[in-house]
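The structure under discussion appears below in the form of structure tokens.
Side chains are part of it too, since the values below use all heavy atoms of this structure and drop only hydrogens, waters and symmetry mates. Residue numbers start from 1 in every chain, and the chains themselves are labelled A, B, ... in the order their sequence lines are given, proteins ahead of strands.
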Number of protein chains: 2
Amino acid sequence: MKRPTIADIARRAGVSKGAVSYALNGRPGVSAGTRQRILAIAEEVGWQPNSAARALSGSMSNVVGLALCRPARVLGIEPFFMELISGLEAELSARDYGLTLQVVADADAELAVHRRWWAERRVDGVLVCDLRVDDPRVPALEELGLPAVVIGGPAHTGGLPSVWHDDAQPLAETVEYLAALGHRRIAHVAGLPELLHTRVRTEAFHDVTTRLALPEAVTVSSDYTGEAGARITRRLLSSPRRPTAVIYDNDVMAIAGLGVAQELRLDVPGDLSIVAWDDSPLCQLTHPALTALGRDIPAYGAIAAKRLLAAIAGEDVGDHRDVPAQLTTRGSTGAPR
Amino acid sequence: MKRPTIADIARRAGVSKGAVSYALNGRPGVSAGTRQRILAIAEEVGWQPNSAARALSGSMSNVVGLALCRPARVLGIEPFFMELISGLEAELSARDYGLTLQVVADADAELAVHRRWWAERRVDGVLVCDLRVDDPRVPALEELGLPAVVIGGPAHTGGLPSVWHDDAQPLAETVEYLAALGHRRIAHVAGLPELLHTRVRTEAFHDVTTRLALPEAVTVSSDYTGEAGARITRRLLSSPRRPTAVIYDNDVMAIAGLGVAQELRLDVPGDLSIVAWDDSPLCQLTHPALTALGRDIPAYGAIAAKRLLAAIAGEDVGDHRDVPAQLTTRGSTGAPR
DNA sequence: CTGAAAGCGCTTACAG
DNA sequence: CTGAAAGCGCTTACAG
């Protein structure tokens with residue numbers, strides 16, 4: 001019951017292994033009749049390529065790597081990553097590529113994983129998430145020569161191709177929407193300050209609140225956990241001139257913020273309007289449902305995967321600017337009373 | 001700048017490739033001095049084994065596969081899977097094993113993925129989640145001879161080793177706790193009816209409510225989504241003799257249930273007590289926080305990974321019974337008024 | 001303890 | 001269009 005190899009097929013077809021290889025890979029070098037015969041035999045014996053043998057001679061592993069550098073509890077609770085992975089996979093598996101995943105403790109560990117993957121030829125390329133300001137991974141990956149696509153940007157991606165989207169405009173639109181409802185004191189509970197997109201959002205928040213002359217606007221940094229969201233919200237809401245609206249950089253913190261408002265017997269949206277960034281299904285489970293900034297994350301992942309495969313194939317892949325997040329208004333926002 | 005191979009090391013050390021292989025793998029066959037010299041050179045040139053070459057000769061890929069068969073939106077929103085993956089990885093990466101992940105549409109697709117992985121020798125073994133009643137994957141995997149560990153049980157796992165935990169006892173304890181608080185009308189919003197653990201919980205619910213003489217106890221099936229949780233809760237709460245307590249089979253539905261109760265201006269826990277199964281951090285974000293049945297999921301994953309590696313190594317791995325879920329009471333449960 | 005060789009299952013120039 | 005051969009980078013009997 002050994003697995004059939006191309007040698008077995010060659011023997012049964014009465015041709016050389018080379019001919020079998022050409023036939024099976026759809027390459028020229030065999031006549032149509034021979035090709036047909038070979039394919040039929042392969043089908044009949046249930047031949048499947050040995051991935052190790054292919055990788056060893058072709059020097060391609062047909063695997064793409066993703067190292068995630070967030071604590072397990074954040075990864076688990078943030079729908080973003082699993083949605084991204086689903087999108088990646090839809091594209092990868094359609095092209096017979098595998099995805100290997102590793103959860104790492106920090107950026108150094110992530111880089112070490114990338115080095116090892118590449119040195120061992122376990123992957124043909126990697127996806128890079130959570131881009132930081134002056135991210136050390138960018139020059140390191142460039143030096144390694146490991147094909148990579150950065151999910152994030154713009155800029156700070158060096159010579160690596162990126163898939164990114166603008167966060168400044170949606171943030172500005174959201175503040176304008178809240179201001180139009182009559183809010184004057186708006187707070188922004190931001191994510192990890194070292195992440196590039198946190199900086200983009202924070203700067204956009206500063207710019208638009210300055211432009212709209214909202215001097216009491218404030219940004220507070222967090223680590224994306226619900227605990228942080230709750231703690232910061234309690235502090236904000238117990239200040240003398242508390243905000244009437246809060247924008248949270250993820251959905252988990254927004255839910256925590258809603259919980260705190262309810263705990264303090266504040267009416268949402270009468271006393272406090274809440275906006276979540278990342279419109280996961282969680283936003284529609286609460287009462288009131290959360291107004292949220294959402295994007296099609298699986299589609300985003302699919303584009304990143306497609307670009308990475310192109311980069312692996314040696315194509316000159318440029319940056320891809322994806323559509324910005326859209327604001328969906330729900331019960332958690334309204335005029336302050 | 002080609003990557004160094006054992007041939008390079010052998011040349012520099014003035015020994016054969018075989019000697020280098022023995023030295024690098026800690027096998028007998030080389031003297032201590034030669035081994036030292038070889039290891040030093042390998043270190044110096046930054047040698048890393050080519051995984052394909054190793055797999056081709058050793059017939060091991062050092063990769064474990066996990067196929068997840070849930071829609072992307074459920075996977076994303078359920079903390080369970082990412083926590084499980086974190087736990088798997090902690091164990092796997094410590095033993096230099098990789099994890100390859102694939103999201104599939106249904107059980108047939110999952111089996112096809114397993115077959116392909118094994119045929120292509122991409123994995124040395126697989127983890128099987130979401131065990132069903134008379135699961136067709138069990139005999140199929142047994143026939144393939146692909147090392148596998150089932151996460152779930154008991155029974156219905158054929159000859160495959162499993163890592164499981166009892167859901168009947170925690171369910172019974174929860175109902176007893178609610179009954180002790182004075183609840184007489186208790187509902188159970190169950191998960192997918194085809195999953196084995198759903199059946200275990202449902203039967204346990206039936207048994208304990210019968211024993212406690214709670215004739216109005218009812219179980220309703222769902223698909224784990226928040227929408228289903230909300231829809232079922234609305235129906236339950238609008239019935240003439242509505243339940244005063246509901247046990248939800250996951251945290252997402254429990255949160256949706258809380259939202260519906262708030263929408264209907266019911267007091268939680270005064271009018272309705274809520275219990276969530278799966279005590280993810282989400283349960284502590286709501287107001288009131290949710291009473292929940294929780295377990296250490298990463299640790300569960302780590303045990304499953306450890307057992308799978310043992311099975312791959314040819315050890316005779318038995319079933320492992322993990323600790324049952326513990327009930328943590330929070331603000332969402334209390335005496336009915 | 002060590003060396004030389006075969007082999008894992010493919011791919012790919014290189015001759016015919 | 002086809003065949004015979006080398007090679008990918010390891011591991012592992014098999015001789016010395």
Side-chain angles (χ1 to χ4, degrees), chain A residues 1-39 41-42 45-63 96 116-124 313, chain B residues 1-39 41-42 45-63 96 116-122 124:
Chain A
M1 272 303 281
K2 260 186 81 261
R3 215 134 262 307
T5 69
I6 57 168
D8 300 322
I9 298 176
R11 204 176 312 116
R12 289 194 44 172
V15 299
S16 70
K17 292 192 316 181
V20 173
S21 176
Y22 289 135
L24 256 17
N25 290 302
R27 297 260 181 105
V30 281
S31 63
T34 311
R35 185 185 304 273
Q36 281 302 330
R37 201 150 41 88
I38 290 171
L39 289 176
I41 294 173
V45 300
W47 176 85
Q48 299 269 49
N50 177 307
S51 59
R54 260 204 179 152
L56 190 55
S57 34
S59 73
M60 287 273 108
S61 67
N62 279 25
V63 171
D96 279 323
R116 187 171 54 75
W117 276 346
W118 188 230
E120 296 183 356
R121 291 292 184 267
R122 279 188 179 270
V123 301
D124 296 335
Chain B
M1 275 302 282
K2 260 185 83 260
R3 215 136 260 308
T5 69
I6 57 167
D8 301 321
I9 298 176
R11 204 176 313 116
R12 288 193 45 169
V15 299
S16 71
K17 293 192 315 180
V20 173
S21 176
Y22 289 135
L24 257 16
N25 290 302
R27 298 258 181 107
V30 283
S31 64
T34 312
R35 185 186 304 272
Q36 281 302 330
R37 200 150 42 89
I38 290 172
L39 289 176
I41 294 172
V45 300
W47 177 85
Q48 298 270 50
N50 178 308
S51 60
R54 251 196 189 159
L56 189 55
S57 33
S59 73
M60 287 272 110
S61 67
N62 279 25
V63 171
D96 280 322
R116 187 170 54 75
W117 277 346
W118 189 229
E120 297 182 357
R121 291 292 184 268
R122 278 187 180 271
D124 296 335

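Ser31(B) contributes atom OG, which lies 10.0 Å from atom CD of Gln36(B) (distance to the nearest 0.5 angstrom). To the nearest 0.5 angstrom, Asp96(A) atom CG is 11.5 Å from Ser51(A) atom OG.
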How does each nucleotide of nucleotides 11-16 of chain D score, in 5' to 3' order, for protein heavy atoms under 4.0 Å: base (B), sugar-phosphate only (S), or none (-)? BBB---
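Across the protein-nucleic acid pair, Arg11(B) atom CZ and dG3(C) atom C1' stand 16 Å apart, rounded to whole Å. Between Arg121(A) atom CZ and dG9(D) atom C1' there is a gap of 12 Å when expressed in whole angstrom units. Summarising the geometry, the separation between CD1 on Ile9(B) and P on dG9(D) is reported as 12 Å, rounded to the nearest angstrom. In this entry the distance linking CG of Leu56(B) with P of dG9(D) reads 12 Å, nearest Å. If you measure from atom CD of Glu120(B) to atom C1' of dC8(C), you get 17 Å, rounded to the nearest angstrom.
Annotation: side chain to side chain contact (heavy atoms under 4.5 Å, CB included) contacts of Leu24(B) (sequence neighbours excluded): Ile6(B), Ile9(B), Val20(B), Ile38(B), Leu39(B), Ala42(B), Trp47(B). Listed by chain and residue number, Glu120(A) satisfy the salt bridge (Lys or Arg N to Asp or Glu O under 4.0 Å) test with Arg116(A) (two or more places apart in sequence, or in another chain). Taking the side chain to side chain contact (heavy atoms under 4.5 Å, CB included) definition, one finds that Ala313(A) meets it with Glu315(A), sequence neighbours left out. The side chain to side chain donor-acceptor pair (under 3.5 Å) search around Asp124(A) returns Ser61(A), Tyr97(A), not counting sequence neighbours. Taking Arg11(B) as the reference, Asp8(B) meet the salt bridge (Lys or Arg N to Asp or Glu O under 4.0 Å) condition, with sequence neighbours excluded. In terms of the side chain to side chain contact (heavy atoms under 4.5 Å, CB included) criterion, residue partners of Ala55(B) (sequence neighbours excluded) are, by chain and number, Ala52(A). For Ala19(A), the side chain to side chain contact (heavy atoms under 4.5 Å, CB included) partners at least two apart in sequence or on another chain are Val15(A), Ser16(A), Val30(A).
When base pairs are accepted only as Watson-Crick or G-U wobble with both N-N or N-O distances under 3.5 Å, DNA chain C takes part in stems of 3 or more pairs at C:1-3 with D:14-16, C:5-12 with D:5-12, C:14-16 with D:1-3.
Residue Gln48(A) is in sugar-phosphate contact alone, with no base atom involved, counting any heavy-atom pair closer than 4.0 Å across all strands shown. At a threshold of 4.0 angstrom between heavy atoms, the contacts of Gly14(B) are confined to the sugar-phosphate backbone, with no base atom among them.
Within the 4.0 Å cut-off from OP1 or OP2 of dC1(D), not a single side-chain nitrogen or oxygen of Thr34(A) is found.
Residues Ala32(A) and Asn50(B) both approach DNA chain D. Their nearest nucleotides, taken by heavy-atom distance, put Ala32(A) toward the 5′ side.
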